[in-house]
Protein chains: 2
Amino acid sequence: MSLKHGLLGLLNYGSMTGYELDKAFKASLSFFWQAKTSQIYRELDAMERQGWLTSQRVIQSEKPNKRVYTITEGGKEELTKWLSSPESDIMDAMSVRSPFLMRVFFAGETSTKQSLEMLYAYRQKCLESKNRLGSAYDAISEYGAIVGDEKKSKYWQIAALYGDAFFDAGLNWADKAIVLLKEELGE
Amino acid sequence: MSLKHGLLGLLNYGSMTGYELDKAFKASLSFFWQAKTSQIYRELDAMERQGWLTSQRVIQSEKPNKRVYTITEGGKEELTKWLSSPESDIMDAMSVRSPFLMRVFFAGETSTKQSLEMLYAYRQKCLESKNRLGSAYDAISEYGAIVGDEKKSKYWQIAALYGDAFFDAGLNWADKAIVLLKEELGE
DNA sequence: GTTATATATTCAACAAGTTTAATATACAAC
DNA sequence: GTTGTATATTAAACTTGTTGAATATATAAC
């Protein structure tokens with residue numbers, strides 16, 4: 001249920017429309033959770049039915065009408081409850097689900113050349129992700145300084161550090177794997 | 001569709017029952033893909049309807065009857081096709097989906113003490129995973145040597161190296177994060 | 001003037017994953 | 001004799017995630 005809780009967490013910072021949530025989500029949480037716009041709207045609907053949110057329709061003349069979601073007391077309780085029972089998700093934290101590694105595992109069925117190309121592409125993506133994350137990191141620092149909420153922004157930074165460490169690990173792994181495969185070609 | 005392709009990859013090594021596949025899956029691919037037993041049986045059924053597999057019912061007297069699945073030519077083609085078009089999955093490779101990081105992001109809503117406990121638990125899980133992977137690594141080496149298929153086992157090892165690198169990165173990250181949070185307590 | 005982008009939401013169909021449990025046999029351990 | 005473990009499969013109900021489009025208005029860019 002992490003998507004619902006992520007949305008609760010964002011709405012706990014302040015009321016927002018689905019559209020704004022979608023953007024906020026993609027600018028922050030998307031590094032470790034992906035959700036399509038249509039899914040976000042659907043979940044908001046379900047969360048309102050659960051009593052975790054209320055919504056007010058706002059009529060606009062220059063732009064399409066919008067619906068502003070606000071977290072309820074029930075929603076805040078649920079958020080706290082979720083944050084206080086991390087045991088199960090720590091198990092989940094260990095479980096990577098990677099179609100990419102699945103391919104690596106079976107790459108013996110294809111040519112070494114093809115495998116090398118795959119690894120180079122992966123390496124490149126790691127670099128790009130690191131850059132993307134670097135920008136996000138700067139944004140967090142700025143935002144934290146502006147908002148003056150050092151406690152919150154500290155955790156945002158810790159989450160960002162995780163991403164950085166893992167892209168670095170990915171880069172190093174790819175380099176090692178490339179060396180191993182090149183040995184094979186050389187023989 | 002990675003689960004289906006993982007199953008195709010395993011069946012490409014040899015015919016197996018759903019029960020055996022379930023065990024083989026959990027002993028190898030489960031490090032980067034998780035699937036419930038019931039899901040595996042359901043997917044096998046769908047794959048047979050797709051023409052990627054055939055199955056033979058084997059009547060046993062001492063044990064329950066079983067159904068042995070065999071990959072078809074169509075299935076082999078599908079496996080090769082999947083292995084030859086990695087572009088899309090390299091994008092997926094970058095996308096972590098981690099309820100744990102979601103919690104870290106919002107951990108500012110709870111106490112520093114609680115956050116530290118979470119990080120210690122995570123750290124512990126990293127160590128355990130590394131050990132579990134170490135055993136798997138040994139099994140791979142042995143199996144590769146017995147089977148004599150060095151090419152296949154090389155990729156299995158590369159996949160295992162990935163896991164190891166990532167658990168190490170997780171350990172280091174947790175240590176850094178713990179230091180950051182302890183500073184906060186000390187002030 | 002037409003194309004792209006931003007705002008703002010909704011929906012249907014489908015695919016994938018989770019939960020839970022039912023069913024049945026055999027062997028080993030205590 | 002009953003408890004646990006291994007073998008072996010099936011299935012319903014549910015939740016979550018993906019795909020792809022439809023709808024509508026306003027502004028900025030070319």
Side-chain angles (χ1 to χ4, degrees), chain A residues 1-8 15-27 29-30 32-50 52-53 55-69 82 88-89 91-92 95-99 102, chain B residues 1-8 15-27 29-30 32-50 52-53 55-69 82 88-89 91-92 95-99 102:
Chain A
M1 297 252 286
S2 284
L3 175 53
K4 285 191 175 92
H5 291 108
L7 294 172
L8 274 182
S15 296
M16 269 182 276
T17 66
Y19 189 73
E20 288 167 323
L21 267 169
D22 185 47
K23 280 191 298 175
F25 200 94
K26 270 152 194 161
L29 308 185
S30 69
F32 42 85
W33 202 276
Q34 301 78 45
K36 302 283 147 108
T37 303
S38 58
Q39 200 193 353
I40 287 176
Y41 278 105
R42 197 226 262 147
E43 294 299 313
L44 286 171
D45 205 57
M47 288 159 76
E48 188 173 13
R49 276 185 275 118
Q50 280 251 316
W52 295 349
L53 308 178
S55 71
Q56 295 81 38
R57 179 167 287 282
V58 176
I59 311 294
Q60 301 187 116
S61 50
E62 355 72 65
K63 290 173 189 173
N65 297 340
K66 62 187 184 183
R67 179 175 291 279
V68 179
Y69 287 93
W82 174 68
S88 61
D89 282 4
M91 294 303 295
D92 292 348
S95 66
V96 185
R97 199 185 286 266
S98 167
M102 187 88 90
Chain B
M1 299 249 288
S2 284
L3 175 55
K4 285 190 175 92
H5 291 108
L7 294 172
L8 275 182
S15 296
M16 270 180 275
T17 66
Y19 189 73
E20 287 168 323
L21 267 168
D22 186 47
K23 280 192 298 175
F25 200 95
K26 269 151 194 162
L29 307 185
S30 70
F32 40 86
W33 203 275
Q34 300 78 45
K36 303 282 146 113
T37 304
S38 58
Q39 199 192 355
I40 287 174
Y41 278 105
R42 197 225 263 145
E43 294 298 315
L44 285 172
D45 205 58
M47 288 159 77
E48 186 172 15
R49 276 184 276 118
Q50 279 251 316
W52 295 348
L53 308 178
S55 72
Q56 294 83 37
R57 179 166 287 283
V58 176
I59 311 293
Q60 301 186 116
S61 49
E62 355 70 68
K63 291 173 189 173
N65 296 341
K66 63 187 182 182
R67 180 175 291 279
V68 179
Y69 287 93
W82 173 68
S88 61
D89 282 4
M91 292 303 295
D92 293 349
S95 67
V96 185
R97 199 185 287 266
S98 166
M102 187 89 90

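The chains referred to below are lettered A, B, ... by the order of the sequence lines, with proteins before strands, and numbering in each begins at 1.
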Next on the checklist: Using a 3.5 Å distance criterion without hydrogens, assess whether the side chain of B:R67 forms a donor-acceptor pair with backbone atoms of B:G18.
Outcome noted: no
Next on the checklist: Please identify the 5'-most and 3'-most nucleotides of DNA chain C with any atom under 4.0 angstrom from a heavy atom of chain B.
Outcome noted: C:dA16 to C:dA26
Next on the checklist: Please give me the minimum heavy-atom distance between A:L3 and A:E43, naming the atom from each residue.
Outcome noted: CD2-CG, 3.6 Å
Checklist outcome for this item: Taken to the nearest whole Å, CD/A:Q60 to P/D:dT25 is 14 Å
Checklist entry - How about A:Q60 and A:K66: do any of their side-chain heavy atoms sit closer than 4.5 Å? => result yes
Checklist entry - With a 4.0 Å cut-off on heavy atoms, is A:N65 in touch with a base, just the backbone sugar-phosphate, or nothing at all? => result sugar-phosphate
Checklist entry - To the nearest angstrom, how far is B:I40 atom CD1 from D:dT9 atom C1'? => result 13 Å
Checklist entry - Within the structure, does a side-chain N or O atom of B:Y19 lie under 4.0 Å from either OP1 or OP2 of D:dT7? => result yes
Next on the checklist: Can you confirm whether A:H5 sits close enough to A:W33 that some side-chain heavy atom of one is under 4.5 Å from a side-chain heavy atom of the other?
Outcome noted: no
Checklist entry - So, is B:K23 close to the D:dA8 phosphate, meaning a side-chain N or O under 4.0 Å from OP1 or OP2? => result no
Checklist entry - With side chains defined as the heavy atoms from C-beta onward, is the minimum distance between A:D45 and A:Y41 less than 4.5 Å? => result no
Checklist entry - Along nucleotides 15-23 of chain D, 5' to 3', which nucleotides get a B, which get an S, and which get a -, given that the test is a protein heavy-atom distance under 4.0 Å? => result -SBBBB---
Item to check | Minimum side-chain heavy-atom gap B:L8-B:L53 below 4.5 Å | outcome: yes
Checklist entry - A:A24 and A:M16: which non-hydrogen atoms are nearest, and at how many Å? => result CB-SD, 4.3 Å
Checklist entry - So do B:K4 and B:W52 actually touch side chain to side chain, heavy atoms under 4.5 Å? => result yes
Next on the checklist: Tell me the interatomic distance from B:I59, atom CD1, to D:dT9, atom P, rounded to whole angstroms.
Outcome noted: 11 Å
